[in-house]
Protein chains: 2
Amino acid sequence: MNIKEAAERTGLSAHTIRFYERSGLFPKIKRSKNGIREFRDSDVNFLIFMATLKKTGMSLEDISEFTKDGCILERLEAGEMPKEPVRNRLSILMDHRNKLLEQQRNIELFINAVTQKISFYESYIEGTDNKEAEDFKDGRNKV
Amino acid sequence: MNIKEAAERTGLSAHTIRFYERSGLFPKIKRSKNGIREFRDSDVNFLIFMATLKKTGMSLEDISEFTKDGCILERLEAGEMPKEPVRNRLSILMDHRNKLLEQQRNIELFINAVTQKISFYESYIEGTDNKEAEDFKDGRNKV
DNA sequence: TTACACCTTTGAGTTGACTCTAAGTCAAGT
DNA sequence: ACTTGACTTAGAGTCAACTCAAAGGTGTAA
């Protein structure tokens with residue numbers, strides 16, 4: 001498929017995909033004889049995974065560290081993959097998973113904080129008294 | 001307290017705090033007679049709340065929309081706060097909470113995806129067979 | 001009094017991540 | 001043959017969010 005369809009499927013713009021390739025964020029895409037990129041399903045899946053790494057806060061630099069050894073799976077299946085790059089990927093992914101778990105905890109805490117603030121403002125607008133809101137006003141949250 | 005201590009307590013740099021004030025991200029901090037910012041605990045709490053909004057993905061622009069009516073609580077207590085700005089804050093917070101809930105769902109999905117990839121790479125390194133890893137290799141994840 | 005460690009300002013520089021422009025190629029349709 | 005709409009490149013431009021620099025003020029301590 002061409003870059004336009006790949007863009008549609010990944011939710012990235014064609015511009016962005018070219019920019020990513022130039023920046024070494026993923027292995028070079030195969031070209032047709034006139035130099036046009038021909039995306040396979042697996043390329044698109046790779047892009048989608050990268051985009052998800054991105055969405056969950058990984059920097060492009062870290063992503064290119066992750067992808068620098070190219071498409072590992074094909075070589076794994078061919079039995080010609082050294083273990084070192086695989087270990088490298090593994091440690092990047094494990095670090096990222098730890099970050100995600102922390103993010104998950106933070107989000108939960110913050111949802112609670114926001115919910116408290118919401119119920120405080122709500123009770124003000126409704127003119128009702130609200131125990132939670134009163135607690136909230138104890139000076140730790142003068143906003 | 002001075003800006004240095006406020007920086008330590010909030011985890012922001014003094015530079016960043018000045019930059020935030022300049023950008024209208026929070027109500028101007030009171031100054032001593034020689035123009036030095038004097039932070040109260042409530043200012044620091046406000047900053048921490050803002051920093052958390054930031055950490056959970058709110059843009060500075062949206063944060064300043066949130067804070068543009070200044071320190072509401074003081075005026076609420078004095079009974080001199082119109083309801084409109086409170087409604088405005090409420091709707092910003094509710095939008096943000098929705099985003100957070102979505103983020104929470106996405107992170108969970110992605111933790112699962114990463115965990116699968118991790119167990120695939122692990123089983124490769126250990127040279128063991130792994131049903132999950134085999135499923136994973138079905139062509140949807142050629143990475 | 002001199003040194004030091006703070007503080008202040010404005011404006012410029014940096015970084016990351018796009019996003020677009022200009023100038024051009026190529027293939028298919030009318 | 002010509003138009004249309006894809007594609008290509010290198011390099012420039014944009015935007016958010018800092019981050020720093022220069023030049024100077026203030027207050028305490030030896």
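Convention: sequence-line order gives letters A, B, ...; per-chain numbering from 1.
The distance between atom CD of A:E61 and atom P of C:dT15, rounded to the nearest whole Å, is 11 Å. Atom CG in B:L25 sits about 9 Å away from atom P in D:dC18, given to the nearest Å. The interatomic distance linking B:I63 (CD1) with D:dA16 (C1') rounds to 12 Å, in whole Å. For the pair B:I3 CD1 and C:dC6 P, the computed distance is 13 Å after rounding to whole Å. Between B:M1 atom CE and C:dC7 atom C1' there is a gap of 16 Å when expressed in whole angstrom units. In this structure, B:R18 atom CZ and C:dT10 atom C1' are separated by 12 Å, rounded to whole Å. Atom CD1 in B:I17 sits about 15 Å away from atom P in D:dC20, given to the nearest Å. Atom pair B:E38:CD and C:dC6:P shows a separation of 17 Å (rounding to whole Å applied).
Using a 4.0 Å cut-off between a side-chain N of Lys or Arg and a carboxylate O of Asp or Glu, B:E108 and B:R105 do not qualify as a salt bridge.
Figure legend: A:K117 and B:F49 shown as a cation-pi pair, the cationic atom lying under 6.0 angstrom from the six-membered ring centre and within 45 degrees of its axis.
Side-chain atoms of A:N98 do not come within 3.5 Å of backbone N or O of A:D95 as any donor-acceptor pair.
For the pair A:K4/A:E8, a side-chain contact is recorded, criterion being any heavy-atom separation below 4.5 Å from C-beta on.
When every heavy atom of A:G24 is checked against every heavy atom of A:T67, the shortest pair comes out as O-OG1, 3.9 Å. When all heavy atoms of B:A6 and B:I17 are compared, the closest pair comes out as C-CD1, 4.1 Å. Of all heavy-atom pairs spanning A:Y20 and A:L12, the tightest one is CE1-CD1, 4.1 Å. Taking each heavy atom of A:L25 and A:M50 in turn, the nearest pair found is O-SD, 3.3 Å.
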All N/O pairs under 3.5 Å across the protein-nucleotides 27-29 of chain D interface:
unit_1: D:dG27; atom_1: OP1; unit_2: B:N34; atom_2: ND2; d: 2.8

Nucleotides 18-22 of chain C: which of its N/O atoms have a protein N/O under 3.5 Å away?
unit_1: C:dC18; atom_1: OP2; unit_2: A:Y20; atom_2: OH; d: 2.5

Polar atoms only, N or O, under 3.5 Å: list the protein pairs with nucleotides 2-4 of chain C and their distances.
none

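A close approach under 4.0 Å does occur between a side-chain nitrogen or oxygen of A:R31 and OP1 or OP2 of D:dT9. Taking side-chain N and O atoms only, A:R37 has a distance below 4.0 Å to OP1 or OP2 of D:dT8.
A side chain to side chain contact (heavy atoms under 4.5 Å, CB included) with B:F110 holds for exactly one of B:N106, B:N112, B:V114; it is B:V114.
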Practice task
Check the pair B:E65 / B:K68 against salt bridge (Lys or Arg N to Asp or Glu O under 4.0 Å), numbers first and verdict last.
Solution key: CA-CA 5 Å; B:E65 173 66 21; B:K68 70 160 193 249; 2.9 Å; yes

Practice task
Begin with the C-alpha distance, continue with both residues' side-chain angles, and end with the deciding distance and a verdict on salt bridge (Lys or Arg N to Asp or Glu O under 4.0 Å) for B:K30 and B:D43.
Solution key: CA-CA 10 Å; B:K30 299 257 159 55; B:D43 295 325; over 6 Å; no

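Ranked by how close their nearest DNA chain D nucleotide is to the 5' end, B:S59 and A:E5 are led by A:E5.
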